[in-house]
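Following: one structure in structure tokens, then a few remarks.
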Number of protein chains: 2
Amino acid sequence: MELSTYLPYLVNRLGQRFVSEITPALNKAGVNIQSWRVLIALYQGGKQTVGDLSELTSINFSTLSRVLDRMEDKNLARRQRGADDARSFTVILTSKGKAVTEKILPYAKDLEVLATSDFTEAELNKLRELLSKLYIGLGSGNKVKERMAG
Amino acid sequence: MELSTYLPYLVNRLGQRFVSEITPALNKAGVNIQSWRVLIALYQGGKQTVGDLSELTSINFSTLSRVLDRMEDKNLARRQRGADDARSFTVILTSKGKAVTEKILPYAKDLEVLATSDFTEAELNKLRELLSKLYIGLGSGNKVKERMAG
DNA sequence: TGAAACTATTTGATACTGCAAATAAATAGT
DNA sequence: ACTATTTATTTGCAGTATCAAATAGTTTCA
């Protein structure tokens, strides 16, 4: 049993460390890690339904519902009844939400630059590629959960 | 601004997806994601103080304190007053803790295998290497936080 | 040696998360 | 059209996380 070969372990500890490194800076801007992810998803992907956002961010939909409540309270985003399907809500960044996102995006980039000072450009690209590929592989669209349950 | 090049974003979404994929299986064994991390850290690293565990797992120390309470309730680990320094506590896996860890370790491996079916062996190794390197780079031993604050 | 400064951990208060149940709207079958 | 089923989202509740303050033990140094 050599744990350093366990990808889930490596990914998880890295993710946790990243979160604890970036959280203080985000908090100063009144944003927590979940709303950071939602802001980014909206900033990048444009308006989306709550469900799409939940899928995209992997934030549990009831958690997300409340994250959105808080973001609306802070005037970062707002919900709009779906025009075609009135069960759904479309979530939209407000202009304040856009501004805040643009303010905090550099934090992540700064952190990346500091953390990767001894990476070559090729390594960085490879890592990005493999992280994306693994993300896809882990996708909730596949049979992972079903097989794990057995 | 092309977000798919933001390493923190890539790492974080992957980490979140991993957590939501593995959590159900862990819960069946009465373990949540934080205690999973503590179990692994103890299983791999042997007994450690609460502070060392907090550093190693990046779990906030007051959170960890309560995680350990629950683990003690479930007889997975126990705390022992430090022999040399009575301020500290040494945390030790119980035999039940060891058994549970050995039971649940395969879940992570299974998930890895399923998620990486189209990775070559070379890609897997490269990814492990780069994840470890990034983890080090992000280490709280460096100047990241201080610089981010400015 | 004893008060000040420091370190390790816990606790109080409050906010956040996530399961399961509830609500609300759309769709299907009759 | 009408009930049953399905889908999108929210809410109740119980558990979990985190900041700041409190506690408890140690080191420093006059």
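Chain letters run A, B, ... following the sequence lines, proteins first and then strands; every chain starts at 1. Small disclaimer: the values here were computed from a predicted structure and weren't measured.
Contact annotation: A:Ser88 side-chain N/O to D:dA8 OP1/OP2 distance is not under 4.0 Å. Close to C:dC19, at under 4.0 Å from its OP1 or OP2, lies a side-chain N or O of A:Asn60.
As judged by a 4.0 angstrom heavy-atom cut-off over every strand, B:Ser62 is placed among the base-contacting residues.
Across every strand in view, C:dT30 sits in a pair with D:dA1 that passes the Watson-Crick or G-U test at under 3.5 angstrom.
With the nearest nucleotide of DNA chain C identified for both A:Asp84 and B:Asp52, B:Asp52 has the one nearer the 5' end.
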| message | Walk me through whether A:Val38 and A:Met71 qualify under side chain to side chain contact (heavy atoms under 4.5 Å, CB included). | response | CA-CA 9 Å; A:Val38 171; A:Met71 290 177 71; 3.7 Å; yes

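The nucleotide whose nearest atom lies closest to any side-chain atom of B:Gln34 is, among D:dC13, D:dA24, D:dA17, D:dA17. The nucleotide whose nearest atom lies closest to any side-chain atom of A:Asn32 is, among C:dC19, C:dC16, D:dT10, C:dC16.
Taking 4.0 Å as the cut-off between side-chain N and carboxylate O, A:Arg79 and A:Asp69 count as a salt-bridged pair.
A side-chain N or O of B:Asn32 and one of B:Ser35 form a donor-acceptor pair less than 3.5 Å apart.
Within 3.5 Å, a donor on the side chain of B:Arg66 pairs with an acceptor on the base of D:dT18, or the reverse. Applying the 3.5 Å distance criterion, the base of D:dT9 shares no donor-acceptor pair with the side chain of A:Arg87.
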